[in-house]
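These notes are about the structure you will find just below.
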Amino acid sequence: MNAALIERLGAVIAGIVVGVVAFYALYKDWHATGVENQVFKLMLLLLGIGAILALLAGLNVVGFAPKG
Amino acid sequence: MTAASLPLDSHGNVDQLYIETRELRLQGFLLFLVSDCVLFASFIFAYLYLRNSGQGWPPPGIQRLDVAFAAWNSVVLFGSGATMHYALENFKHGNFMRYMWFLLATIVLGAGFLGGQAYEYTHLIYGEHVTWWGSGIFGASFFTLTGMHGMHVFIGVCYLTVLVLQSAAGVYTRGKFFGITAGTLYWHFVDVIWVVLFSIFYLL
Amino acid sequence: MAVAAVSAGGIADHIHPEPQGFVRRYVFSLDHKIIGIQYLITAFVFFMLAGLLAEAIRTQLLNPNGGFVAADTYNEIYSIHGSTMVWLVIIPMLTGGFGNLVFPLQIGARDVAFPWLNMLSFWIFPVSGLMLFSSFLMGAPTAGWMEYPPVSLQGAAGTSMWAAAIFLVGVSSTMTGLNFLVTILKMRAPGMTFTRMPLFVWGQFATAPLLMIATTALAAALAALFINRVFGVPFFDPTKGGSPVMWQHMFWFYSHPAVYIMILPAFGIISEVLPTFARKPIFGYKLIAFSSMAIALTGFMVWAHHMFTSGLAPFLQLPFMIITFVIGVPTGIKIFSWTATLWGGKIHYNTAMLFAIGFVGLFTIGGITGIFLAAIPYDLHVHGTYFIVAHLHYVLVGGSLMGVFAGMYYWFPKMSGRVLNETLGKLHFWLFFIGFNLTFLPMHWLGIEGMPREVATYDPQFAFLNQFASYASYLMTFAILIFFVNVIWSIRNGKRSGPNPWGARTLEWQIPSPPNYYNFKHVPTVYGLPYDFSQPLPYKGLDEELTDAPPVAAGAH
Amino acid sequence: MQPVRLGRGFWTVTAILAILAVGAIVFWYEFPLEKYLPEAIVTARQVDTLFRFMAATGSALYIFVGGYLLYFSIAFRAKATDPPDAIGVQIHDNHKLEFWWTVIPALFVVLLSIVSVRIWYEIMLEPENGVVVEAIGHQFYFSFRYPQINGEVTDEMHLPRGVPVTLNLTSADVIHGFWVPAMRLKNDTVPGLVTTIRFTPRLDGRYRIICTQFCGVLHSEMDKQALVIEEKPAFDKWYKGWQQRNAHTSNALPAAGGQAVALQGGSAPAGQQMFAQKCSACHKIAPFDEKVVGPGLKGVLHDPAHPNLVNGQPATPENVAAILQNGYTGSMGTMPNATANGLSAQDIANLVAFLDSLK
């Protein structure tokens, strides 16, 4: 088990956790009003997308990993 | 907004001055983030422009960036965004201790991200001989953008540390906590910028 | 819902105690009126220095072989002249100067949203100015105010200093823009809806986002140039894979909006002066306000029309040409509206009014030659020639600077409580107007006939027109000297103005000159446009007493 | 609101302005531009047509705006007999008028776009066959390359009349602007980029070539060279002269994007000899960091620590040859090009073979 595999595993697991948390928080906040809450919603959405991207990178779907 | 979270002045009256001042600060802070965003956007434009200037990417002699560690490190930063969000939520609902723990967790994760970035820089500079000035447009755009972002994270970590100290000293009350809101906005902003940088440097 | 009682008043009723002591009142002042005056004084000092540089340029060009200064000194001189006039004179005067001084009064605010930030913006400005001029000591930049790499990468050490100085003044502009935007959005007096704002406020409102967004883009470009020069990070160095054309994109993405930063507030000034002295509402208020916003928005989409010769792909150039033509439409609307404002008026000829009418006359020429330059085939001929020099001076001197002078004559009573001398003022106007036209009108022809810009020596066939322009420019400088004499004399000896010497109707003229520390005894309620001369003034409650009894210190987090 | 009545004075002034505007239009269309600045190429005439169109409409517009401005400011001045609180006609707007002065300029913009685009296409769609010439900006002169002339032509640029020209522009150091006012055409020469302009000369004469982009301390001296357009025989004579003059110069590589020097058949021993003669003053056969004037060249093609050459290009024999051919200016200093160093194509091939042999 090499370092890269651990990193990927970490990215996948943590990516799932963070993604779920981000989207759950977005769902909870969906009806919040006020300027700052609108901004929070946008940022939570992007955060969730970021978590998904990291997860996909961990799964080697996107991004580049050297062989071995 | 419930009655309990209204800002009160020392006589127990609703503090109209605070409400209006907070509005100004919120707008001002959001506009500051907008202009900061433009700063990043300009450098991202520069990076994409150079990347497409016809020499191929990555430029000859430079390895493509390895995504594995970066993915893990990104998740660390994204996680800190989630903890920061819950820190603010808990503060709003009056769970002061849980707020403090979430805030500390955010600081630890943010510092962890910086450590990870330092590790990656070391690897690139000493392992692959990629430097800021000596590796053509790759070194220029990569180190400038990630370095700028790292500087923002560092400032954010410092700011959050100040928040911890201020909160412990009781500066923020149920109705008056704009400092924490601003901190959360800033931290989310730094996270979201990293989503973009991560995508364009490691995934594209 | 039973809640606690609302404590009396928000920001509009909240008054800080007036600071005592010279330093707190006049040096590190938080008062927008003082800061505005500080901006104007500092910018006029830089204006004098840059004006001297301009005369050095014209003196050099008296002779086809130059001879007044060496070529590299000459290059330094015009580079600093351009940089100073753009960043240290016109922009600070119109935004930091007149903006700070006037628009909070016009919207009925007690101050800008962030007075402390305002003070910081101001104090960055003279520091960066000193940095810019100190670059002469280490070899000033030579590649003009645009500093195109790679030649700016070869420039002397002062080029890095230039980048740092402009970066700093950009930070100051960004903070000013942010401050103004929040102030206009959030701090208008009750009843001051967007469609009741004076047009000068509209001008600032259109300018503020440009200051905030475009200047940040410039900061990025300057930072990249700086690290390229100092650390050798090859953003723009073609020998290491960088792209010099990228600088042009980054620079003009700022600098085209910067042109509107320099003209939109001047539009605002003119739109105040014309109705006041014509005793007539401004014609087409809504269309003028709307066209300011349209110009600000489209200003972000035309930057590459400065780069038609830089080797862009043709399909990229086409939209830039057409959008640039389109900007002519809102600009034309403004010019037509100003002209129509005069129709049927009772025009009082004060110096401010002369400058305002002169502005319309001269700016129109600059606008029309701008259309010439937007047409790619013609731009391929006159790009980088004296035609450009003539065009930009018609816009920036005939436009922005005439606006500044109109504003000075118009608002000087608000600053000092005294009126500028009219005889000297009219002399100033006529000499300046004539001198300006004689200086810059021939340059159109010089450019068309083949004289490139930024040259220390030139072909003898252009000698006559150049000498003509140089002598005329001395006349212009003499006119500006008259202005300075007038200001200095009138501060002590001018006629006392009273609150409203012009019979103007915007809010700033309804309070004493100079205004009290907190502007309004009571923030008024607004119920109409300020330009309706047949109606009573649309303000209520100006003379009521303060509602906030004891001055308290702000203590909010 | 009082009804708006335009009096006789207004219509008189309008009539005068209309006459003046017509006069201005006639003036611009009759103005002998080509007398002051010859129209040396075919499209120069079209550019002048565009200028006439814009100058005529612009002047007409200005005559109306300026004329009304002047007329209103005189006619509506407050008179001494007016009471001090007299006010003007209280008109706020006139939707019809505003509609028209938005729509008419917008239509004019459409017209101007069509005219400009048409002329622009004529400039761009000049034929691609014909003479191919390259102009290279230097601090502080332009040099020119012709297909059958070895090396660079450094004094003037000659072109035959009536033959379409493809002019490729590039730069050896900084950005210059290549402008021939008589051609009504310019383009920047950008280092690392080849831009192309096409045109067909139509009028014999000597025309000034001027640099329009600030390029350094002697920028203002960079207006002394000439473009000569002449009959085909005269051109051929000039061409032959330069062919003979440059016969012994190395066969030139175009500065950018042309065919590469044939590197096959380079001899490493001959290259070693050449290196000792021509290169060793500035370069050691030592690791990269041991500089004399330029960097050490040991293993320049095989050094894993330096996968790129000093100009950022990957270390391949072709790119080394390109530096030898074109010289180098950048953060490492300056190296003269093959012409200045007196290197032929064979010399370059030999040198590359020698450098390749150093591991």
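Throughout, a chain's letter reflects where its sequence line sits, starting with A, and its residues are numbered from 1. Values reported hereafter were calculated over all heavy atoms of this structure, with side chains retained and with hydrogens, waters and symmetry mates removed.
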Subject >> S73(D) to I347(C) - nearest heavy-atom pair and separation >> reply: CA-CD1, 3.8 Å
Original post:
A278(C) versus chain D, heavy atoms under 4.5 Å apart: side chain, backbone, both or neither?
Top reply: backbone
Subject >> Residue part contacting chain C, namely of S116(D), when any heavy atom lies under 4.5 Å >> reply: both
Subject >> Contact leader toward chain C among H95(D), Q213(D), K224(D), K186(D), where contacts are heavy-atom pairs under 4.5 Å >> reply: K186(D)
Original post:
Which pairs pass side-chain hydrogen bond (donor to acceptor under 3.5 Å, both in side chains) with one or both residues in residues 45-60 of chain D, sequence neighbours excluded?
Top reply: W28(D)-S59(D), E34(D)-R52(D), E39(D)-R45(D), Q46(D)-E122(D), D48(D)-R184(D)
Subject >> More than 12 heavy atoms of other groups within 6.0 Å of Y349(C) OH >> reply: yes
**OP:** Sort out for me which of T457(C), T369(C), L153(C), D72(C) touches chain D most, counting heavy-atom pairs under 4.5 Å.
**Re:** T457(C)
Subject >> Any C211(D) side-chain heavy atom under 4.5 Å of P452(C) side chain >> reply: no
Original post:
Taking atom types as modelled, is there a side-chain donor on Q139(D) or Q154(C) under 3.5 Å from an acceptor on the other?
Top reply: yes
**OP:** Count the heavy-atom pairs under 4.5 Å between each of P234(C), G66(C), P150(C), G384(C) and chain D, then report the option with the highest count.
**Re:** P150(C)
Subject >> Among V455(C), I376(C), L318(C), residue most engaged with chain D (heavy-atom pairs, under 4.5 Å) >> reply: I376(C)
**OP:** Using heavy atoms and a sub-4.5 Å threshold, report which of residues 323-332 of chain C line up against chain D, by residue number.
**Re:** F325(C), V326(C), V329(C)
Original post:
Side chain, backbone, both or neither: which part of L33(D) has a heavy atom under 4.5 Å from chain C?
Top reply: side chain
Subject >> Q248(C) versus chain D, the contacting section by heavy-atom distance below 4.5 Å >> reply: side chain
Original post:
Looking at Y68(D), F108(D), F64(D), Y62(D), which makes the most heavy-atom pairs under 4.5 Å with chain C?
Top reply: Y62(D)
Subject >> Which atoms of Y531(C) approach chain D - backbone, side chain, both or neither, heavy atom under 4.5 Å >> reply: backbone
Original post:
Can you find a heavy atom in the side chain of Q90(D) that is under 4.5 Å from one in the side chain of D532(C)?
Top reply: yes
Subject >> Sidechain N-carboxylate O distance under 4.0 Å for D93(D), K286(C) >> reply: no
**OP:** Give, as side chain, backbone, both or neither, the part of E147(C) having an atom under 4.5 angstrom from any heavy atom of chain D.
**Re:** neither
Original post:
Between M321(C) and V117(D), what is the shortest heavy-atom contact and its length?
Top reply: CE-CG2, 3.4 Å
Original post:
Mind checking whether F336(C) and W101(D) have parallel, tilted or perpendicular rings, split at 30° and 60°?
Top reply: tilted
Original post:
Measuring heavy-atom distances to chain C, does L50(D) have an atom under 4.5 Å in its side chain, in its backbone, in both, or in neither?
Top reply: side chain
Original post:
Which of the residues A374(C), G284(C), G311(C) is involved in the greatest number of heavy-atom pairs with chain D at under 4.5 angstrom?
Top reply: G284(C)
Subject >> Interchain contact, V190(D) with chain C, by part (heavy-atom threshold 4.5 Å) >> reply: side chain
**OP:** Decide yes or no for T339(C) and V65(D): does some side-chain heavy atom of the first lie under 4.5 Å from some side-chain heavy atom of the second?
**Re:** yes
**OP:** Measure distances from I114(D) to the heavy atoms of chain C and classify the residue's part below 4.5 Å as side chain, backbone, both or neither.
**Re:** neither
**OP:** Pick one of side chain, backbone, both or neither for F236(C), based on which atoms fall under 4.5 Å of a heavy atom in chain D.
**Re:** neither
Original post:
What do you reckon, are the aromatic ring centroids of W145(C) and F214(D) less than 6.0 Å apart?
Top reply: no
Subject >> Distance in Å, T239(C) OG1 paired with D173(D) CG, rounded so as to fall on 0.5 Å steps >> reply: 11.0 Å
**OP:** Calculate, to the nearest 0.5 Å, the distance between atoms NE2 and CZ belonging to H92(D) and F283(C) respectively.
**Re:** 11.0 Å
**OP:** Measure I357(C) against the heavy atoms of chain D and call it side chain, backbone, both or neither at under 4.5 Å.
**Re:** both
Original post:
For the ring pair H381(C) and W179(D), is the centre-to-centre distance below 6.0 Å?
Top reply: yes
Original post:
Looking at L69(D), T212(D), V47(D), V109(D), which makes the most heavy-atom pairs under 4.5 Å with chain C?
Top reply: L69(D)
Original post:
Got a second to check how far S113(D)'s OG is from I322(C)'s CD1, nearest 0.5 Å?
Top reply: 4.5 Å
Subject >> V382(C), part contacting chain D, at a heavy-atom distance under 4.5 Å >> reply: backbone
**OP:** Go through R208(D), M183(D), H219(D) and name the one with the most non-hydrogen pairs under 4.5 angstrom from chain C.
**Re:** R208(D)
**OP:** Measure centre to centre between the rings of F10(D) and W343(C), then say whether the value is under 6.0 Å.
**Re:** no
**OP:** Determine whether the side chains of D188(D) and T309(C) contain a donor N or O and an acceptor N or O closer than 3.5 Å.
**Re:** yes
Subject >> Segment of L37(D) engaging chain C (4.5 angstrom heavy-atom cut-off) >> reply: side chain
Subject >> Engaged part of V110(D) at the chain C interface, taking heavy atoms whose separation is under 4.5 Å >> reply: neither
Original post:
How long is the span from the CG atom in L287(C) to the CD atom in E98(D), to the nearest 0.5 Å?
Top reply: 5.0 Å
Original post:
When only pairs under 4.5 Å are counted, which of Q317(C), M353(C), M307(C) shares the most heavy-atom pairs with chain D?
Top reply: Q317(C)
Subject >> Part of L185(D) within contact of chain C (heavy atom distance under 4.5 Å) >> reply: both
Original post:
Using a cut-off of under 4.5 Å for heavy-atom pairs, which of A340(C), G144(C), S337(C) has the most such pairs with chain D?
Top reply: S337(C)
Original post:
Which atoms of A44(D) come close to chain C, meaning under 4.5 Å heavy atom to heavy atom: side chain ones, backbone ones, both, or neither?
Top reply: neither
Original post:
When rounded to the nearest 0.5 angstrom, what distance separates OG in S310(C) from CG in L193(D)?
Top reply: 9.5 Å
Original post:
Given the options I119(D), T102(D), L218(D), which has more heavy-atom pairs under 4.5 Å with chain C than any of the others?
Top reply: T102(D)
Subject >> Proximal component of L342(C), with respect to chain D [non-hydrogen, under 4.5 Å] >> reply: both
Original post:
Quick one: of T196(D), L112(D), L97(D), I123(D), who has the most non-hydrogen atom pairs under 4.5 Å with chain C?
Top reply: L112(D)
Subject >> Nearest-0.5 Å distance, CG of residue D82(D) to NE2 of residue H348(C) >> reply: 7.5 Å
Original post:
Should we say atom NZ of K79(D) is surrounded by more than 12 heavy atoms from elsewhere, each under 6.0 Å from it?
Top reply: yes
Original post:
Are any of the side-chain heavy atoms of P377(C) and F51(D) separated by less than 4.5 Å?
Top reply: no
Original post:
Are side-chain heavy atoms of Y378(C) and M54(D) found at a separation under 4.5 Å?
Top reply: yes
**OP:** Name the region of P149(C), side chain, backbone, both or neither, that has any atom closer than 4.5 Å to a heavy atom of chain D.
**Re:** backbone
